[in-house]
Every structure is written in C-alpha cells, then in structure tokens.
Asker: 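One structure follows; several queries about it will come next.
In the text below, chain A, chain B and the rest are named by the order of the sequence lines, each starting its count at 1.
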Amino acid sequence: MSDVTIAIVAGAESGRELRVEKSLLVGRGPGSDLVIPEPDVSTRHARLTPSGSAISIEDLESTNGTFINGERLTGTRLLQAGDVIQVGTTTLEVRAQKPPADPPKPPASPPADPPKPPASPPADPPKPPASPPADPPKPPASPPADEARLNLPGLQLTRARVIPTLPTLVLVTGQLAGTNVPVGEQVVVGRDAALADVILDQDSDVSRRHATFSPSGDGMTVQDLGSTNGTFVNGQRITQAVALARGDQVQIGETVIEVLIAAQPVAAAAPAPTPIPEVKGQAPNSIEVKGLVKQFGEHRAVDGIDLFVSPGEIYGFLGPNGAGKSTTVHMLTTLLPVSGGTARIAGFDVMKQGPQVRSTIGVALQAAALDPQLNSWEHMDLQMALQGVPSSERKQRREELIERVGLTQRASRRVSGYSGGMKRRLDLALALVHRPRVLFLDEPTTGLDPQSRTALWEEVSRLVKEEGMTVFLTTQYLEEADVLADRVGIIDRGEIVAEGTPAQLKAEIGRPTVEVTPVEGTDSNAVSDVLGRFGELVSAAHRGVAVRLRPGIDDLADVVRALDAQSLKVANVELHAPSLDDVFLVKTGRSLEGAGEKPDAAAEPA
Amino acid sequence: MSTSVAVPRVSSSVAGQVRTIARRSIARTLRQPAVIIPNMLFPLFMLAVLSKAGNQATKIPGFPTKSYITFVLGATLVQGATSAATLAGGLLAEDIEGGFMNRMLLTPASKSVLIIAQLAGVLIVGFLQSIIFLLVGLAFGVTVKAGVGGALVLLAIALLLVLLFGSIGLFTAAAAGSLAQVQALTGLFIALMFLSSMLMPRNLIKHEWFKTIATYNPFSYLVEATRSLLVTGWDGQALALGIGIATGGVILALFGAVIVLQRTLERT
C-alpha cells in the first residue's frame, strides 16, 4: 500500500482524498476513476499508479498537459508528499498518509529551481498551490526500521521520497520491499553491511557484494559482481554490464527490483497549449471501443480490440492488408453490424444510435466514392442535402470547402476527368460538409503522389489543430503514421499488437538491428550463430539474418569483425535504427507489407 | 459525473432526400447518351423491321387491324420499357460496386429512399422515350383507336411499365450486386417478348405450345393492354389485366429490392 494519498485541494471535488491502491484513471471521460469535467481536461488525461510505497503518475498524452509543481509532465514520474498536481483547473496534492510527527510545513508549489537529488531534502520550502488546501500537507512518515538496511544517507530520511528525474530502483519483493532507491551515483547491492549500500542481509542467496547499479546518461546499468547465484534481468542471467530500460525487472536473490526511469528528462515549465474548443452541451468527440469483434462465419476479422481515441487526437491505425483495419472502420462508422463488444463515437453507441453516429462523423473510405457523371458542386449539394445542412448555409459552405481542397478551378468539370489526387481531395471535402466532430480516413493517401499526399496531411493536421476534430486514420504507410498520428495502434490478424505514440513504440523496441545477408545461403546458420552473440535474433525482412543488438553494443564494426573472424562472406550488412516496421516485426514476427514502400509508389499525379 | 450527451441534428426531410437523390439520378442518367440511345434505337429498329415483315399477317382472317405497325407499336412500348431494368439496375450496381452507395448510407438518409429515388432518372428517360415511340408511330400512320385520352393513358401505362422494369432492375442489382448480372436481363426480356402475343393475337396463334406459353407469359398482358388502346379502343379487361400485372410487379419488385438491399447493405 502506498504511503501517500492524493487530496483534491481545488476544483469541483475539493476536499476529497483518494487512496491509490490500484491504478486510477484521471480524465473527463465517464470511465475515469476521478472525473474532472473541465474542457481543458482530456477524456483520458493521466493515470495514478501505486508503485511500492509510492505513487507514480503518467500523463496519457493529454492535450493540455499535466503539471507537477508547475512543470509539465512528460512520461511517468514518481510522486512525493507535498507534490502539487495540476490537471485543468483542478489541483491535487500528494500527502503523506500517516499523521504528522513534526510540525507541518508549507505545501509545495511550482519550483523555481530544477528538482533536487534525493540525498538532500528540498532546499526551498514548497509554496502554496493555486488554491490553498484545507489542510497543510504532511511531512513524510518517520523512517522505517528497514532504513537501517540502507547505507544511503539520503534514504534515512526519505523513504519513498525520490526525485523522479533520477533513475530509481523500486524494491518490489524481499526484505526491503516497498523501498525506492534513486541511483544518483553507483549503488552496491549485497549482503555485507560494510560493503553494500542496499543491504539484503536476510537473504542467503545474495553475495556480500552482489551487483552494482550505476547511472548512465538518463538511465542506468546493472553489473553482476561475480555473485554466486547471479543477477537476472527480465529472467536472463547477466554476465556483463546491461543497460536497463523503464519497467525492466532485476532479480537478486529473493528481491525483485523494478526499474523506474523517466521516459524523457523532465522539461522546464512550458506554457500550456491553447485548449481545443469544445461545443458546449455536446458529447466529447472521442472514440471508445471495448472488446470489438467482427465475425464472418468462422473467421474473426476483428478479434476483441480495445481502443480509445481522445478528442482532438489523430489516431493512426496501422496494419497490412487484411489485418482488420477497414472492417474496424466499417463497424465504427455503422456500415457493418458489430458481432461483439461495444463501440461509442462521441458518446453514441454505434449499434443503437446509428443515425446520431452518422450525423457526428465524416468518412472518407478507402476508394474515393464519387459519381463520375457529377461535378464537384453537384457532389457537394447532394452530400449537404442528405446530411441536412440548412439550405441557407450550403452555398457558402460548398465554396469554402471546394476552395480549401484546391478544386475551385475544376469544380464544374465532371469527376470522371479528375486525377486520383483530385478525387481524394473532393472525397475529403465531402466528408467535412456537416462539420463532423470525428473524421474517419481509410487509407486516404494510397496511390497518391508525394505532393497530393503532403497536401492531404497538412489539411488533416489543420482540421485537428484549428477545428479540434478527432481523426481516426488507417494506413499501410509507416511514414504517414509517423508524421501524422499522435498515437498509433498496430493491428494484425484482427488484434491490436502494439499501441502508443510513434516515439514510445520505437523506444519500446529501443535498440538497433543489424541485418546480414550471406553470399551463400548455406552460411545462414553460421551467420545466425555469430549474430546470436550480439543480441536477440529477430525475423529478417529478406533472406538475411537479423539481430537486435544488446544494450551496450552499438558498433557495427564489432559485428563485421566477428563475421570476418569466422571467414563468412556477406553480400550485405545493414544497421537499422528502430522504426515502426521494427515494432511490427517484433510484435508479429513479420514485416509490415509495404513497409519499405514509399507512399508515392505507383502514385497517381495530382 | 459525466458530460451530457446531446443528440445531433439528424437528416433533412424525406421529401428533400427524395428530391436530392432523384435529381442526381436524372443528371447521371441523362449524361450517359451511350447507354440511352442504343436502348431507344433498338425498339425503333424492331418496329421498322416487324412492321414491314408483318404486313402479310394483317390479311389473316380475324386479325384486329389492317395496320401492322399499329398492332406492333404496343410491343415496342413494352420493349422500350424493359431497358429501364438495365438502366436502373446498372446504375444501382455501379453505386454498390463503386462505393457511392456507402457514401449515401453514411448520411442520415433513409435506406428505402436511397433505393427508390434512384428510379427518377429512368422514369424521365422512359417517359421521353415512350413519347418518341408514339410520335414515330403516328408519323408512320399509327392511329390510336381510343383517341387522345387513350394516347395519354397509353403513355401512363408506358410509365408504369418503366417503373416495373426499373424495379426489377433494382431488385436484380440488389440481389446480385453486379452489373454483369443486371445486363443479363436484356436477353431474358427479349426471349419473353418473342414468346408472348407480341407478334400475333393469342387467338390466332396456331401452335398450341406457343399459345400456352403466351397465355402464361405476363408479357402478353402488358403488350395487350397497350395494344388495346391503339387497336380496339377502350378494352377494360385488357387494361385491367395489364395494369394489374404491372402494378403487382412493381410492388413485388420494389419490396423485394428494398428487403434485399436492407440485408445486402447492412447498416446499424
């Protein structure tokens, strides 16, 4: 159980106090555990998670940000008593759960200075938050008995108080379970109190000096010091220094240590962006999908997917042909009945409130669905009439949209004479006639030339930025997802195999891959043996052999030397930086079709 | 506490939807002369050939008229109307295959309206075509025994026949979903035309098997209804049978098309 609680000190539920015993979702959406009904709060804004005796907070890519002590949060951060969390206009404060033993000190405020290391208590007393809390924050709990097992002076006073900018070890099990150890400098773990900083003297499986954790850049490394029973990282016994990533688990004897590293260094306080405008009294323009299934006979085209798209977000839905992208879009746009699960668009159930959903969404399906016998004006008139756009608005609206997509000069010509790019642009304009709140684009740039593609990307970005539209974009093109999408979901065989921001997904893979193509196909096994020494073998896109390099190995020359030492002749050696295709490869064991293919391949001119 | 959910504006009036889709149907139909002109020329060509070749038939005792072109013009009107099937069905099949139907389904418009209003274009074309056939006939000596009123009723029946065959085309397109299957209707209709009383009154058909087929062939009654106004004047029985069969056919075909499309074009 965590030693701290979260108190709401300003906002609609001021005075309420939360115990974070399980992961709590903070947001504007009705599914949130803490609902903050403010326009500046995203539907899924942030998440509070118990982490040993502490609580960590993660910003869920909210539009307007989560601020800790005045600094915008990026990624995950551990909280300490006195921290002030700002979500919209609501202020939350982290409080120690035990009653104060010492006189209370003033609450925290946005610090003027960068965060301090844990070894020293904060130099400046925290200042009051925007609205003063009912009770002043409590100081941390008295040092527990376990602190005797820590030879880190700072920790004597600050159990469960860590500065989140430092990489931290969270001792999850064992005699020091619940203790957090920041790694500002080298930390030795062992059984001997005279030799170790973190003393595990009740565990006979731990050697006297067992392992060291050392800061390295923004992260840290672990090295086994020749222990008898070994040090394990994610279940693998290590033999040399290993760089640790966020979420890695290190096992030393009975003690499991979880690694907590901020996703990015905490940036200096940044001004909050302009809030996305919301139509008052309307449902949020979000997409909420739970366990969505589409079954065609025995075949499950979509197999129980969950996804959530926040208002104003561009969500890239990436996958090869036949993965289930278009089927998902057809279900979400009411064109296909759902076989199982639920889906709500802007709050409307796609199965029960089809007409309302259709009034809320704009859709540009995979092939531009146009009548070759009609011109652009006629298409616009037809679409506006069927969508119920008032007659008085139609002329202005159609001219505005036709101009925006650059078709004014050709609008009187029949569509049969349009290029692929022009058809796509008209298709987009038609999807926008009724000012939808959620826009579905099903492979909008397939077959377009680079110029048309870029123009369409710009228009989509503008729609999100200026009109606060939510965009659900399916694509086969990695570049498109990378450029356009705030978040990406990768679907394969009807299941979502990965989800996150493009940067997160690539960071998850994290390490470069070397792909080697031997001259002789018969050398593949020998090449595999050599590459296996440098990391984990992964599927190669072509007939080669690929290895994802182990942390600490970044030099291609080492690999080449090792191959040369075995007299292996290679036709090609390539070093790949992590890409979304690598993410796909890792998650599915195969390469995404068209991954190497640029969107302009087989393009039609604009 | 959760955000309130407001129901957005849903669709324009049904009449407005019908008007909009009908306008599009008319525009796209009239803009395809390559489809319309052959459909119009073929019945006229048949009229010219048959009226010349069939003149001898008028000498058969009991033949109802001395002008074979007058006798056969009714069949020409029916044959012209059959082209509505491929026209309406073809356009609907194109909409389904090309995804335009999905575009319309993604609006709040009613599905029945989306289907039935598609007939507007073929009704206009079919009506104009029937007028042209009548004028050509009149120019070549056809008389309308039932007079001017009969001519107007003749055009009204022709319009009903266009509606009938257009609906059959929609049903076929809905059920098959492909243009090729819709086009196969042309051959079927030509066969049924020639197996009807199109060329000879049923009572004068010598071969029993042909007479039996013609009696059970609904095309005979469609032809006889139109022909009666040209040849015999006001024949209540012929008109009732023809109009009854056509009306029943329209109801069945349209109902079937809507039902089939409801299933084919699933939408929540």
Asker: Mark yes when over 12 heavy atoms from residues, nucleotides or ligands other than A:F296 sit less than 6.0 Å from its CZ; otherwise mark no.
Answerer: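 Yes, the 6.0 Å shell around CZ holds more than 12 heavy atoms from other groups.
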
Asker: Output the option from B:E94, B:Q32, B:R23 having the highest count of non-hydrogen pairs under 4.5 Å with chain A.
Answerer: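 Looking at each option in turn, the highest pair count goes to B:Q32.
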
Asker: Which heavy atom of B:G99 sits nearest to which heavy atom of A:A369, and what is that distance?
Answerer: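 Closest heavy-atom pair between B:G99 and A:A369: O-CB, 3.2 Å.
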
Asker: Nearest heavy-atom pair of B:R31 and A:Q373: which atoms, and what distance?
Answerer: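 Taking every non-hydrogen atom into account, NH1-O, 2.7 Å.
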
Asker: Report the residue from B:T107, B:T20, B:L106 that forms a side-chain contact (heavy atoms from CB on, under 4.5 Å) with A:Q383.
Answerer: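 Result: among B:T107, B:T20, B:L106, B:T107 is the only option passing the side-chain contact (heavy atoms from CB on, under 4.5 Å) with A:Q383.
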
Asker: Distance check, rounded to the nearest 0.5 Å: A:L374 atom CG versus B:F100 atom CZ?
Answerer: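 One finds 6.0 Å between CG of A:L374 and CZ of B:F100.
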
Asker: Among A:D371, A:L386, A:L370, A:L365, which residue satisfies the side-chain contact (heavy atoms from CB on, under 4.5 Å) criterion with B:R103?
Answerer: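 Going through A:D371, A:L386, A:L370, A:L365 one by one, the side-chain contact (heavy atoms from CB on, under 4.5 Å) with B:R103 is satisfied by A:L370 alone.
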
Asker: Just how far is it from atom CD of A:Q387 to atom CE of B:M104, taken to the nearest 0.5 Å?
Answerer: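 Between atom CD of A:Q387 and atom CE of B:M104 there are 12.5 Å.
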
Asker: To check you understand the geometry: which heavy-atom pair defines the closest contact between B:L105 and A:R358, and what is its length?
Answerer: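 Looking at all heavy atoms of both residues, the shortest contact is O-CD, 3.1 Å.
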
